Amino acid sequence: RNQLVLDFSRPEVVDGIYEQTARIVDQGVDYLKWDYNRSIADVFTRGGHDQGRVLYDYILGLYRFLERLHTEYPDLLIEGCSGGGGRFDAGMLYYTPQIWCSDNTDAIDRIRIQYGTSFGYPVSAVGAHVSAVPNEQCGRVTSLAVRGLVAMAGTFGYELDLTKLTEKELAMIPTQLRLYHTYGDVFRTGDYYRLASFAENREYDALMAVTKDRRTAVLVYVQVLSRERRAVQVVYPQGLDEGLRYRSSETGAVLSGAGWMYGGMALPRMSGDFGGKWIVLEAVDP
């Protein structure tokens, strides 16, 4: 894209960019996206020091820049971003606690992307959005409901033109927002469990999150591909308290934690591809 890379191995460059950035943040900015869209090749510096350590000094310079931003603006949220996850690493996660893990926002592809990301990073770090359809990366069309379900297992947001949504879709947005504001912390601060992987079974995906006190659990199920005469699909929740009793928001059934985990949960039948369900298991007092 005819882009060049600022030489952050040079302290005067780091200081200069910091001063420019600070002037912008001082206008009331509370969110900053730090992108890294060009790989560094043929590395050298005009700074006059050892050319063999330019990349090392570059990263240290970047860390100094971000550390200074955090010190001066402790409430500033910095989101990391890069094509191919090039800056999705533990060092940057300290400074950018939210990271855009892929420009591919298709809900079905995001199932795989977020599944893999979850092995190394918390849900709270994963930027996940409900995007427009047909998806600009692959052209796939999925319902707003399914796109919302997948984005719930991340930071959740919308990146689409609201004026192009149907009345039915517009009416769905307040419901999705209520769900996220009610149960988003279950995903962000609770324990996360991968129950089934579409990448492995080629049919459906299921995950859940459980609060630390194990009284509330949220299970997200996405039927990706429909199968002819499919038997009832059963998933096995995890992380519940075996001695507590939980009510399903889907059926109203009440079972012990042991009952749900070892007996399993029969998922509702759905017709067609790209369907999904959001099921809450809430502990009930004896």
Side-chain angles (χ1 to χ4, degrees), residues 77 98 100-101 105-111 113-115 117-118 122-133 135 141-162 164-196 198 204-224 233 235 237-240 246-254 260 265-270 272 274-284:
L77 172 62
Q98 180 173 306
W100 187 238
C101 59
T105 57
D106 171 64
I108 304 307
D109 283 341
R110 268 302 185 117
I111 289 173
I113 292 166
Q114 292 170 198
Y115 175 85
T117 304
S118 72
V123 171
S124 61
V126 178
H129 293 167
V130 180
S131 61
V133 293
N135 180 265
V141 175
T142 53
S143 70
L144 188 72
V146 167
R147 282 175 276 156
L149 285 176
V150 175
M152 291 284 180
T155 58
F156 191 78
Y158 294 91
E159 54 172 294
L160 43 74
D161 187 344
L162 292 174
K164 295 181 179 180
L165 298 183
T166 66
E167 291 298 322
K168 182 178 180 181
E169 289 173 330
L170 285 172
M172 192 180 300
I173 288 179
T175 300
Q176 290 182 337
L177 291 175
R178 280 194 298 271
L179 275 176
Y180 185 69
H181 285 299
T182 302
Y183 297 105
D185 279 343
V186 180
F187 281 97
R188 288 192 297 269
T189 65
D191 294 326
Y192 182 86
Y193 297 91
R194 295 169 288 269
L195 305 185
F198 168 67
Y204 67 96
D205 197 87
L207 56 89
M208 69 181 293
V210 185
T211 56
K212 294 297 185 183
D213 64 6
R214 296 193 288 177
R215 293 190 60 85
T216 302
V218 178
L219 189 150
V220 176
Y221 167 74
V222 177
Q223 178 174 293
V224 181
Q233 185 62 59
V235 296
Q238 298 180 37
L240 303 177
Y246 297 85
R247 176 177 286 109
S248 166
S249 64
E250 177 68 19
T251 64
V254 177
W260 287 117
M265 175 187 292
L267 295 167
R269 289 182 180 273
M270 285 180 281
F274 313 142
K277 284 288 183 179
W278 170 282
I279 301 171
V280 177
L281 292 175
E282 198 79 55
V284 294

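Each residue takes its place number in the sequence, starting with 1. Small disclaimer: the values here were computed from a predicted structure and weren't measured.
Within 6.0 Å of CZ on R188 lie more than 12 heavy atoms contributed by other residues, nucleotides or ligands. Within 6.0 Å of CD in E159 there are more than 12 heavy atoms belonging to other residues, nucleotides or ligands.
Here the CG atom belonging to L177 is positioned 9.0 Å from the CG atom belonging to L179, to the nearest 0.5 angstrom. D185 CG to S124 OG: the interatomic distance, rounded to the nearest 0.5 Å, is 10.5 Å.
Side-chain contact between M265 and L219 is present, with heavy atoms from C-beta onward closer than 4.5 Å. Within the 4.5 Å cutoff, side-chain heavy atoms of L207 are placed close to those of Y192. In this structure the side chain of Y158 never reaches within 4.5 angstrom of the side chain of H129, judged on heavy atoms. Between K212 and T189, the closest side-chain pair of non-hydrogen atoms is not below 4.5 Å. In this structure the side chain of F156 never reaches within 4.5 angstrom of the side chain of V123, judged on heavy atoms. Looking at S131 and L160, their side chains never come closer than 4.5 Å, going by heavy atoms from C-beta outward. The shortest side-chain heavy-atom distance between P268 and Q233 does not fall under the 4.5 Å cut-off. Side-chain contact between V222 and V224 is present, with at least one heavy-atom pair separated by less than 4.5 Å.
For the side-chain contact (heavy atoms from CB on, under 4.5 Å) test, residues two or more places apart in sequence or in another chain that qualify with E169 are L144, R147, L165, T166.
One N or O on the side chain of S118 and one on the backbone of Y115 form a donor-acceptor pair closer than 3.5 Å. A donor-acceptor pair is defined here as one N or O able to donate and one able to accept, closer than 3.5 Å; no such pair exists between the side chain of D205 and the backbone of I111. Remark: the backbone N or O of Y246 is paired with a side-chain donor or acceptor of W260 at under 3.5 angstrom.
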**OP:** For the pair T182 and V280, evaluate side-chain contact (heavy atoms from CB on, under 4.5 Å) and give the outcome as yes or no after the intermediate values.
**Re:** CA-CA 11 Å; T182 302; V280 177; over 6 Å; no

**OP:** Using the side-chain contact (heavy atoms from CB on, under 4.5 Å) rule, take Q223 and F274 through it: C-alpha gap first, then chi angles, then the decisive distance, then the call.
**Re:** CA-CA 6 Å; Q223 178 174 293; F274 313 142; over 6 Å; no

**OP:** Applying side-chain contact (heavy atoms from CB on, under 4.5 Å), run through M208 and V220 and close with a yes or a no.
**Re:** CA-CA 6 Å; M208 69 181 293; V220 176; over 6 Å; no

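Taking both residues in full, the closest heavy atoms of A107 and T142 are given as CB-OG1, 4.0 Å, listed atom of the first, atom of the second, then distance. In this structure, A151 and A128 approach most closely via the heavy-atom pair O-CB, 3.7 Å. R110 and C101 get closest at one heavy-atom pair: NH1-SG, 3.6 Å. Residues T155 and Q98 come closest through the heavy atom pair CG2-OE1, 3.5 Å. Here the closest non-hydrogen pair linking V235 and A206 is CG1-CB, 4.1 Å. Nearest heavy-atom pair across V186 and T211 is CG2-CG2, 3.9 Å.
Aromatic ring orientation, Y221 versus Y204: tilted (interplanar angle from 30° to 60°).
The pair E250-K277 meets the salt-bridge criterion, with a side-chain N (NZ, NE, NH1 or NH2) lying under 4.0 Å from an Asp/Glu carboxylate O.
Using modelled atom types and a 3.5 Å distance limit, the side chains of E282 and T216 yield a donor-acceptor pair. N135 and T105 are linked by a side-chain donor-acceptor pair at a separation below 3.5 angstrom, with hydrogens and angles left out of the test.
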